[in-house]
Protein chains: 2
Amino acid sequence: MTDTLSSPAKPRARRRSTGREPLTRDQLVASAIAIADAEGLDAVTIRRLAADHGVTPMALYWHVKDKDELLDAIAEHLFATMVLPEPSSRPWTDQLREIFAAFLVSVRPHPEVAGLAMTRIFGSPAGLEVTERTLAELRRGGFTVERSSDIACYALAALIALVRAEPACGPNGVKSEEATRAKRALLTSLPHEQYPNVVASSDTLAGRSSRDSYFSLGLDLLIGGIQANAPKRAAKSA
Amino acid sequence: MTDTLSSPAKPRARRRSTGREPLTRDQLVASAIAIADAEGLDAVTIRRLAADHGVTPMALYWHVKDKDELLDAIAEHLFATMVLPEPSSRPWTDQLREIFAAFLVSVRPHPEVAGLAMTRIFGSPAGLEVTERTLAELRRGGFTVERSSDIACYALAALIALVRAEPACGPNGVKSEEATRAKRALLTSLPHEQYPNVVASSDTLAGRSSRDSYFSLGLDLLIGGIQANAPKRAAKSA
DNA sequence: ACCTGAACACCGTTCAAGT
DNA sequence: ACCTGAACACCGTTCAAGT
């Protein structure tokens, strides 16, 4: 659950009389993510984090310069959990899809913090890695340098949007469910003549459960769009 | 500049001795957007808004229930400025593109508040309108009800992501420029063997100026992807 | 109808100090 | 090295009251 963050938890030479392990940056990041997942990003607060660890708010400033640096660290961790596919000689579109899928695998479980990723991709090595790999495949696909980077930006942004737009969204747990019901009720109660399609889709729009099909459709749209705009080297069939 | 929000500004029967026009909800929304554009969404604060209008913070609560309701109103205004194309008999893909383009036209000038739109589309009539129109065209394209609504969600989310990922981003104005330079410097200084493509693209990645080509490429990718995944009715040429 | 004043429970952050 | 205490300048919001 705490994946790469969990540390041995062996009491390591407690320095003084405090009966508590010293905090670590990784612990802070881990519980920040946990709080965000459960109660939303707004619930992630210096003071809250401190309280959860039985410590004074100002203690955190030893491990982290800023709240912003904490958010950076969260984003970095998201990227760090990502396992990219080995480069291979398969078609560039297939490779791209796998890269994007890998990205989704690590971001999808944490929709609340996904938004942080957008502005912070270039801050972490792992983020640079995805970008590099994405650019490389786009170049292989024949796009110019400039178009490749535009597309890479779009693609990463779209993937994050895909995650954030997901229905299970809103802090996971209790209230999400009833919020979904309320939203559905609102949509079904709309004037049918004015919004026939919205009403017909109200189930799916209000909060379809976190379906794999939604994400694989997202990947299809993304890859399909890129492929459709790729320069054609030779006139292949179809 | 204040487009639909600007009101006549004629002194309308001042009630009592206060030498000031009574506030209006629309004025609040207008200056909230202006503040967000200039200094970022975080700068939009009940107290700041009050100060700008020479009024006590609590005065705002007469016009607005909540800060959240204020944010709702901002999103609503974004949608409301949108002018959708008249339905026509042209190909559904062309229509879709125009709808999305119209969406971009109203959201693009306000990247800082674009994120608000995502969760609030179904809250406003104008937001429902875009959704309805989008769904209708997708149905025309032959998608099932369920896939249509998944795609509509994805598309709107992607458009917003497109705007937010845009470079001119970060509160417009002074500091954006130097932030861009710093980012570019960081990217160019990266180990060239490890991130060859990132380095080569550093100009474009760091902050290409707000280019129309970026957005039209985004539309191409979006529409291309949708079209590529549309059920084919008959085997047309190509 | 429209706004003020005082008060409350929260924020992030600095700075000097403790062990 | 790691943490505390007190203090500061901010938040959003409630409630009773003014005109």
Side-chain angles (χ1 to χ4, degrees), chain A residues 7-32 35-36 39-75 112-113 116 119 171, chain B residues 7-32 35-36 39-75 112-113 116 119 171:
Chain A
S7 52
K10 292 236 182 92
R12 58 161 149 158
R14 71 177 66 153
R15 294 205 163 268
R16 282 278 169 257
S17 51
T18 91
R20 197 194 61 253
E21 285 297 294
L23 271 183
T24 70
R25 223 179 120 102
D26 285 347
Q27 283 169 41
L28 288 177
V29 172
S31 46
I35 292 173
E39 304 170 44
L41 188 57
D42 286 347
V44 176
T45 253
I46 296 278
R47 295 174 116 102
R48 161 71 184 274
L49 229 31
D52 281 9
H53 287 274
V55 112
T56 267
M58 298 67 85
L60 299 214
Y61 287 88
W62 177 260
H63 304 277
V64 111
K65 177 186 153 268
D66 245 350
K67 182 168 184 185
D68 206 57
E69 198 182 281
L70 177 69
L71 299 180
D72 288 350
I74 294 176
E112 283 291 320
V113 295
L116 297 177
T119 36
Chain B
S7 51
K10 294 239 181 88
R12 56 161 150 155
R14 68 177 67 151
R15 295 207 161 267
R16 282 280 169 255
S17 50
T18 91
R20 195 195 61 253
E21 286 297 294
L23 271 183
T24 69
R25 222 179 120 103
D26 285 348
Q27 283 169 40
L28 288 177
V29 172
S31 45
I35 294 173
E39 305 171 42
L41 188 56
D42 286 348
V44 176
T45 252
I46 296 280
R47 296 175 117 102
R48 160 71 184 274
L49 229 30
D52 280 9
H53 287 273
V55 112
T56 268
M58 298 65 87
L60 299 214
Y61 287 90
W62 176 261
H63 304 277
V64 110
K65 181 186 151 267
D66 244 350
K67 180 167 186 187
D68 205 57
E69 198 182 280
L70 177 69
L71 300 180
D72 288 350
I74 293 175
E112 281 292 320
V113 296
L116 297 176
T119 36

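When reading the values below, keep in mind they use all heavy atoms of this one structure, side chains included, and skip hydrogens, waters and symmetry mates. Predicted, not measured: the structure shown is a model, and the values here were computed from it. Chain identifiers are assigned alphabetically (A, B, ...) following the order of the sequence lines, protein sequences preceding nucleic acid strands; residue numbering begins at 1 within each chain.
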Open item on the list: By the side-chain hydrogen bond (donor to acceptor under 3.5 Å, both in side chains) test, which pairs, at least two apart or in different chains, include something from residues 60-70 of chain B?
Closed with: B/Arg25-B/Glu69
Task: Inter-residue atom distance B/Leu23.CG - B/Leu28.CG, 0.5 Å rounding - done: 5.0 Å
- [ ] Provide, to the nearest angstrom, the distance between the CD atom belonging to A/Glu21 and the P atom belonging to D/dA1.
- [x] 18 Å
TODO: For A/Asp42 and C/dC11, give me the distance from atom CG to atom P, rounded to whole Å.
DONE: 11 Å
- [ ] Just jot down the side chain to side chain contact (heavy atoms under 4.5 Å, CB included) partners of B/Ala59, sequence neighbours excluded, or say none.
- [x] B/Val55
Task: Pairwise side-chain contact, A/Leu70 with A/Leu60, heavy-atom cut-off 4.5 Å (strictly under) - done: no
Open item on the list: Can you pull out the residues from residues 45-59 of chain B that lie within a 4.0 Å heavy-atom distance of DNA chain C?
Closed with: B/Val55, B/Thr56, B/Met58, B/Ala59
Task: Pairs meeting criterion side-chain hydrogen bond (donor to acceptor under 3.5 Å, both in side chains) with involvement of residues 41-54 of chain B, two or more places apart - done: B/Ser31-B/His53, B/Glu39-B/Arg48, B/Arg48-B/Asp52
Task: Nucleotide-level pairing of DNA chain D, given in dot-bracket where Watson-Crick and G-U pairs need both distances under 3.5 Å and | marks other strands - done: ||.|||||...|||||.||
Task: P gap between D/dC2 and C/dA17, integer Å - done: 22 Å
Task: Residues from residues 62-74 of chain B lying under 4.0 Å of DNA chain C - heavy atoms - done: B/Trp62, B/His63
Task: Value rounded to 0.5 Å, distance of CD1 in A/Ile46 from OG1 in A/Thr56 - done: 12.5 Å
Open item on the list: Could you check whether any side-chain N or O of A/Glu112 sits under 3.5 Å from a backbone N or O of A/Leu41, counting only pairs where one atom can act as donor and the other as acceptor?
Closed with: yes
